[in-house]
Amino acid sequence: MTVNKPRGTRDFLPADTARRRYVESIMRDVARNWGYSEIITPTFEHLDLFTLKSGEGIVGELYNFTDKGGREMTLRPELTAPVMRLYVNELQSFPKPLKLFYFENCFRYERPQKGRFREFWQFGVELIGSGKPDSDAEVIALADSMLKAVGVKGDLKIGNLAVIRTLLSGLEPEIVSTVMRLVDKKEYAGLEGLLEEIGAEEQLKSDLFHLIKLEGRYILPDVKEIVGNLPELVSFEKTLKLLDAYGVDYTLDFGIARGLDYYTGMVFEVYAEGLGAQKQVCGGGSYQLIKLFGGGDVPSTGFGIGFDRIMEICPLTPPAPKTLVMISKPSVHLEAINFANELRKYVPVHIDLMERNFKAQLSYANTINADYVVIVGEKELEAGKLTLRDMVSGEQELLTLEEIIEKIC
RNA sequence: GCCGGGGUAGGGUAGAGGUUAUCCUGUGGCCCUGUGGAGGCUACGAUCCGAGUUCAAUUCUCGGUCCCGGCCCCA
């Protein structure tokens, strides 16, 4: 009997893995160069951590389980809550702002489709301790810079929830979240119907539709006309000026709702083409979550990047290291191992493990597309040298080990 | 949870209610014990699972499962 991998999981073959590791390393480098430090949190957490943040409703989407001590646990479905928990547990008295990033796998019990798996990888950044325009701008600029670094082009949309929240402040909380959902999905017909149903004022209706249909880079004056010059808009405007300084290209969209209630002000999303229905590659904003987990009233800003979606559209290929195959006669196999050890300080070296004859070893080097073959034989050993064969040109020459290292490195 | 399309060797495929299920590729070995890519020989290797219809099912029907895409959801 054969056992298959669980639904929604993937095996990554050597070429896939090399590519993922390569792109991953670029993203890590960008984050580090912006002064962010990587952290690792547990693969599973107490179930409460996530129900606290997202409500009991998410349990249906979790890989949760009861452990042998009767504790309710779950594989992590995301990393913002774990990072907040870590902050509250360990980092509250560290100097602010705290700039953290993570790159881990997450698990959700959902129906797989294009760009959506049950085990998936998330890259993310959390900037904790500052609610200033500069930190909002930096986080957006970092996301933008990171996507550019891996060759992903997308539409960056920035909004601010204060605007629509102000507009809807007279409505019941449940109505507000339904309205926000419809706005986020741009279901204008459904929105119209709902507003009709609840008997919303004409002014509200026209303001709301006016607001969510505004599009583009310079719509702030129109927004101010609708909701007035809110204090949030003053600092939002600063954020946008900073983004111009960073050279970030964006459009404003005050219809972004980002699903959850804990986002307080600035929110942003990045969409890329070529991904089917799941085309959001990045989402983030500023939020107040720490209090929820027992910490103080600390403002934070962060974003998450769906790494698997990035890999779908990322055009980069990792540089291939030169590979070398050591070929020997049985009589000098032990010497060959010695030379291989030396060469392995510089390049990847393969050596025969199947007791193949000379010709088959060479043929193997050819099938794995080796760049070079180093031949160890009696003739070579007598001369105190080795034969280096260039598998592309077919040329070969008798060289010392040092000369070979010189030549191929 | 719902909807649509699929499932034949490791990868790609052909076929067909019937006895030994194609072909390409791959991998191992040999031709060939110091020189690869070609060629020849050889070995390995598949009808997703279960039930039903039938003398006979890989083929038809139903159910399951898995894959792909979409809905819901998207922290």
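So that the names make sense, note that chain A is the first sequence line, chain B the second, and so on, each numbered from 1. The structure presented is a predicted model; accordingly, all values stated were derived computationally and were not measured.
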(message) Can a donor-acceptor pair be found, under 3.5 Å and without considering hydrogens, that links the side chain of A:Glu380 to the backbone of A:Gly377?
(response)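 Yes; at least one donor-acceptor contact below 3.5 Å.
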(message) Determine whether a donor-acceptor pair (N or O, by modelled atom type, separation under 3.5 Å) exists between the side chain of A:Arg344 and the backbone of A:Val349.
(response)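 Such a contact is found between A:Arg344 side chain and A:Val349 backbone.
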Interatomic distance at [atom1], [N] relative to [M], whole Å:
| N | M | atom1 | result |
| --- | --- | --- | --- |
| B:rC74 | B:rG5 | P | 28 Å |
| B:rC73 | B:rU59 | C1' | 39 Å |
| B:rC48 | B:rA14 | P | 15 Å |
| B:rG18 | B:rU25 | C1' | 31 Å |
| B:rU42 | B:rG17 | P | 32 Å |
| B:rU47 | B:rU20 | C1' | 15 Å |
| B:rG7 | B:rC49 | C1' | 12 Å |
| B:rG11 | B:rG50 | C1' | 28 Å |

(message) Using a distance-only criterion (donor-acceptor N/O pair, under 3.5 Å, no hydrogens), is the base of B:rC73 paired with the side chain of A:Arg181?
(response)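 No pair found.
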(request) Would you kindly check whether a donor in the side chain of A:Arg111 faces an acceptor in the base of B:rC71, or vice versa, at under 3.5 angstrom? (result)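 In this structure, the two groups form no donor-acceptor pair.
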Please report the distance, rounded to the nearest Å, between [atom1] in [X] and [atom2] in [N].
| X | N | atom1 | atom2 | value |
| --- | --- | --- | --- | --- |
| A:Lys114 | B:rC74 | NZ | C1' | 18 Å |
| A:Phe117 | B:rC67 | CZ | P | 11 Å |
| A:Lys279 | B:rC73 | NZ | C1' | 18 Å |
| A:Leu353 | B:rU27 | CG | C1' | 16 Å |
| A:Gln280 | B:rC73 | CD | C1' | 13 Å |
| A:Leu275 | B:rC68 | CG | P | 15 Å |
| A:Lys5 | B:rU65 | NZ | C1' | 14 Å |
| A:Asn4 | B:rC68 | CG | P | 12 Å |

(message) At under 4.0 Å between heavy atoms, how does the protein contact nucleotides 31-38 of chain B? Give one character per nucleotide, 5' to 3', with B, S or -.
(response) -B-BBBB-
(request) Summarise protein proximity over nucleotides 39-49 of chain B in one line of letters, 5' to 3': B for base, S for sugar-phosphate only, - for none, counting protein heavy atoms closer than 4.0 Å. (result) -----------
Who does [N] pair with, Watson-Crick or G-U, both distances under 3.5 Å?
| N | answer |
| --- | --- |
| B:rG1 | B:rC71 |
| B:rG45 | none |
| B:rG37 | none |
| B:rU20 | none |
| B:rG52 | B:rC60 |
| B:rG10 | B:rU25 |

(message) Is the distance from the ring center of A:Phe103 to that of A:Phe307 below 6.0 Å?
(response)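 Aromatic pair counts; centres sit under 6.0 Å.
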(message) Aromatic contact between A:Phe123 and A:Tyr102, with the criterion being ring centroids under 6.0 Å apart: yes or no?
(response)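 Ring centres of A:Tyr102 and A:Phe123 not closer than 6.0 Å.
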Report the nucleotide, chosen from [options], that has the shortest atom-to-atom distance to any side-chain atom of [X].
| X | options | answer |
| --- | --- | --- |
| A:Gln113 | B:rG29, B:rC72, B:rA75 | B:rC72 |
| A:Gln278 | B:rC68, B:rC73, B:rG28 | B:rC73 |
| A:Arg108 | B:rG28, B:rC74, B:rG70 | B:rC74 |

(message) Counting neighbours of CD on A:Glu38 that are heavy atoms of other residues, nucleotides or ligands and sit closer than 6.0 Å, is the number greater than 12?
(response)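 More than 12 heavy atoms, drawn from other residues, nucleotides or ligands, come within 6.0 Å of this atom.
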Is the shortest side-chain N to carboxylate O distance from [X] to [Y] below 4.0 Å?
| X | Y | value |
| --- | --- | --- |
| A:Arg85 | A:Glu45 | yes |
| A:Lys53 | A:Glu78 | yes |
| A:Arg389 | A:Asp371 | no |

What are the two closest non-hydrogen atoms of [X] and [Y], and how far apart are they?
| X | Y | answer |
| --- | --- | --- |
| A:Phe268 | A:Ala143 | CE1-CB, 3.9 Å |
| A:Lys205 | A:Ala200 | CE-O, 4.0 Å |
| A:Met326 | A:Val376 | CE-CG2, 3.3 Å |

(message) On the nucleotide B:rC73, are OP1 or OP2 found under 4.0 Å from the side-chain N or O atoms that A:Lys185 carries?
(response)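 Yes.
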(message) Looking at A:Arg116, I'd like to know whether one of its side-chain N or O atoms comes within less than 4.0 Å of OP1 or OP2 on B:rC73.
(response)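 No, because none of the side-chain N or O atoms of A:Arg116 sits under 4.0 Å from OP1 or OP2 of B:rC73.
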(message) Counting the atoms with a prime plus P, OP1 and OP2 as sugar-phosphate, which does A:Gly8 contact under 4.0 Å by heavy atoms, base, sugar-phosphate, or nothing?
(response)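 The residue A:Gly8 makes sugar-phosphate contact but no base contact.
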(message) Regarding A:Arg10, tell me which of base, sugar-phosphate or nothing describes its non-hydrogen contacts under 4.0 Å with the strands shown.
(response)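 The answer is nothing, as A:Arg10 stays clear of every strand by at least 4.0 Å.
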(request) Would you list the pairs meeting salt bridge (charged side-chain N to carboxylate O under 4.0 Å, His left out) in which at least one residue belongs to residues 305-315 of chain A, sequence neighbours left out? (result)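 Sorted pair list: A:Arg10-A:Asp308, A:Arg20-A:Asp308, A:Lys114-A:Glu312.
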(message) Can you work out whether A:Glu187 or A:Arg7 has the more 5'-proximal nearest nucleotide on RNA chain B?
(response)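 Here A:Arg7 is the residue nearer the 5' end.
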